Amino acid sequence: MKRICILSFFSLLFTVQVFSSYGQTKPLSERMAATVMDIWSDSLWVGRPFKWTYDQGVLLEGVSSIWQRTADRKYFEYIKKSMDFFVQSDGTIRTYEHKSYNIDNVKNGRSLLLLYRVTGQEKYLKAAQILRNQLNTHPRTNEGGFWHKKIYPYQMWLDGLYMGQPFYAEYSAMMGDTAAFNDITNQFVFMEKHSRDAATGLMYHGWDESKQQQWANKTTGLSAHVWARAMGWYGMALVDAIEYFPANHPGKKQLIDILGRFANAVQKVQDPKSGVWYDILDAPLRKGNYFESSASSMFVYTFAKAVRMGYLPSSYLKVAKKGYEGIQNEFIETVDADKINLKGTVSVSGLGGKPYRDGSFEYYMSEKVITNDPKGVGSFMLAANEMELAAIPKTGKGKTVTLDCYFNNEWKKGPAGKDVRFHYTWDDQANSGFWFWGNIFNYTGAKTNSLTVAPSAANLKNTDVYIIVDPDTEKETAKPNFVSAKDADVLYNWVKNGGVLVLMANDPANCELRNFNTLAGRFGIRFNGDLRNAVKGNEYETGAFNIPAAHPIFKTSKKVYIKEISTISVSAPAKAAFIEGKDIIMGTAKIGKGTVFAIGDPWFYNEYVDGRKIPAEYENYKAATDLTNWLLLQLPKKN
């Protein structure tokens, strides 16, 4: 008991540190984003002509992560505005040159995929396809590794893995191209095989297969030093690419194993006093070497995300916390209550080229170190956001939240021309999906999955929360799976034994209510099949509900938006959870060890949670977080 209390104290202390750094309440990720959106208010200018550059992609990755955590529309709008400077209506990309075969140019493809998956606009898909097509003919080493650039023949750099592979993986997952994951795996395997030092586990910046470069060792083909940011790129590439691997693909385990070796080596060279990392990792005490902020941010991001995703043991979160505290002490400069600067980022380091960069220690030390470099602040936003996610109480740890995809079973043509599930699914990032709600569950440590067959005692055995949303009518699905009395029996017994069931209907024109009420009725709940809050256009106030103070479920949200609702009726053992006028909007029921929550609307789909549509005064994202926490707290304690 004493050990648990001590751990709880340090967890609380870390939470306070994350959200109260320098005495402010605004998280550091958002203060960094405010600086970014001030410096580069229109697009990315870094003292060079306006062009398609990976620097912008790194910035937008950081901004995207903050949007997904906060549901603040300004972040999404910034990403869209930034990409719209380049992407034309036909999908062509201004200033992009295919013939240069520069792997850096592929990086921004992830922002294009986000925009396509959220908005459905074809121009973003076409632009992403242009980048994917580059990989089809991109020159390779003899064993199949992508050259870093056409002008750098037979060379692989650690940097290139981040520039190409996360996009390659995400695109392949979206298109159902499982064969591509063999190639993606090999890129990481080749790089580790050639660049890793067996004694330290560290990885050298570049490898020249031809061994012709002046910077290359004539025996190994390797550059002379371990550049921290290069390893940082490689680590971020691993955690971002692994996320999209099919669960049973053998490459996933291979990459997690590589990540384990990578992490072991990097944590050993973390400066024990400051918690950050030197620019040149294999010569930490050499005169002139310095602490570098972009690499330190990348390592913190890699460790924190890898722990959150289950790729690394939880012990690595300590390494991330120490690194994050060090970044704040060494590199963060307060501008005001809303903004910060990031100092200590080396502007660039490379190999070869004109003027020639020989890879010597003296060369690396000669490059400028600046404040608010886009690669640094982008990486810092990613790291800070991950640490802010780590501070969220892990009430869902060890729990599984299952979403029904049997009673709600809708399909459409995907970007590859194949049928894909959509409408109230975890993966659907468009207005119709539950991507944001799924993320909220995941941030608590809960696992999310889907059930595509009828519920049974066997397939619900390891499910803690089961969500059924908007069962199909014949209008939506040719042969809908209606809720049967048998299904109702299965779910009643599952709830009685401790399960938490969520029933989300819809208005009668869009939901099969007669059979759904067979299930709801077992718990004293009935969807009335009426239509309340029929909102016309943007008359949002028609759908407004004010949450009373000290509501037992919605503890932080004050005003929410719900439109076109079926109200409900309750009888014992159910009771009303939210009443507006004479109408019951939400209900709950306690059955045995379990709990039921019901509402006559899908409510938490992306359109009304992700912040892009409804005004900020409607706190649906907060409400989704409140309900998530309440559902998890209803689960019976396990012995």
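Only this structure's heavy atoms are used, side chains among them; waters, hydrogens and symmetry mates stay out. Note that the coordinates shown come from a computational prediction; the quantities given were computed from them, not determined experimentally.
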Inset, instruction - Report yes if the distance between the aromatic ring centroids of Trp157 and His205 is under 6.0 Å, otherwise no. - result: yes
Legend entry - Qualifying residue, where the test is ring-ring contact (aromatic ring centres under 6.0 Å, His included) with Phe436 and the options are Phe76, Trp426, Phe441, Trp67: Trp67
Inset, instruction - May I ask you to check whether Tyr244 and Phe181 place their ring centers less than 6.0 Å from one another? - result: no
Inset, instruction - With sequence neighbours left out, write down each residue that passes salt bridge (charged side-chain N to carboxylate O under 4.0 Å, His left out) with Arg261, or none if nothing qualifies. - result: Glu192
Legend entry - Charged N-O contact under 4.0 Å between Lys375 and Asp159: no
Inset, instruction - Establish, yes or no, whether a centroid distance under 6.0 Å links the rings of Tyr290 and Tyr278. - result: no
Inset, instruction - Could you tell me whether a side-chain N or O of Asn217 sits under 3.5 Å from a main-chain N or O of Leu222, the two making a donor and an acceptor? - result: no
Distance-only donor-acceptor hits, side chain of residues 298-311, under 3.5 Å, sequence neighbours excluded:
{"from": "Tyr301", "atom 1": "OH", "to": "Asp240", "atom 2": "OD1", "distance (Å)": "2.6"}
{"from": "Tyr301", "atom 1": "OH", "to": "Lys305", "atom 2": "NZ", "distance (Å)": "3.4"}
{"from": "Thr302", "atom 1": "OG1", "to": "Met236", "atom 2": "N", "distance (Å)": "3.3"}
{"from": "Thr302", "atom 1": "OG1", "to": "Met298", "atom 2": "O", "distance (Å)": "2.8"}
{"from": "Lys305", "atom 1": "NZ", "to": "Asp240", "atom 2": "OD1", "distance (Å)": "2.9"}
{"from": "Lys305", "atom 1": "NZ", "to": "Glu243", "atom 2": "OE1", "distance (Å)": "2.8"}
{"from": "Arg308", "atom 1": "NE", "to": "Glu386", "atom 2": "OE1", "distance (Å)": "3.0"}
{"from": "Arg308", "atom 1": "NE", "to": "Glu386", "atom 2": "OE2", "distance (Å)": "3.4"}
{"from": "Arg308", "atom 1": "NH2", "to": "Glu386", "atom 2": "OE2", "distance (Å)": "2.6"}
{"from": "Tyr311", "atom 1": "OH", "to": "Glu243", "atom 2": "N", "distance (Å)": "3.4"}

Legend entry - Ring centres under 6.0 angstrom apart (Trp215, Tyr363): no
Legend entry - Minimum-distance pair of heavy atoms, taken over all atoms of Ser111 and Leu60: OG-CB, 3.5 Å
Inset, instruction - Heavy atoms only: give me the nearest Leu255-Leu238 pair and the separation to one decimal. - result: O-CD2, 3.9 Å
Legend entry - Salt bridge flag under 4.0 Å for residues Lys51 and Glu97: no
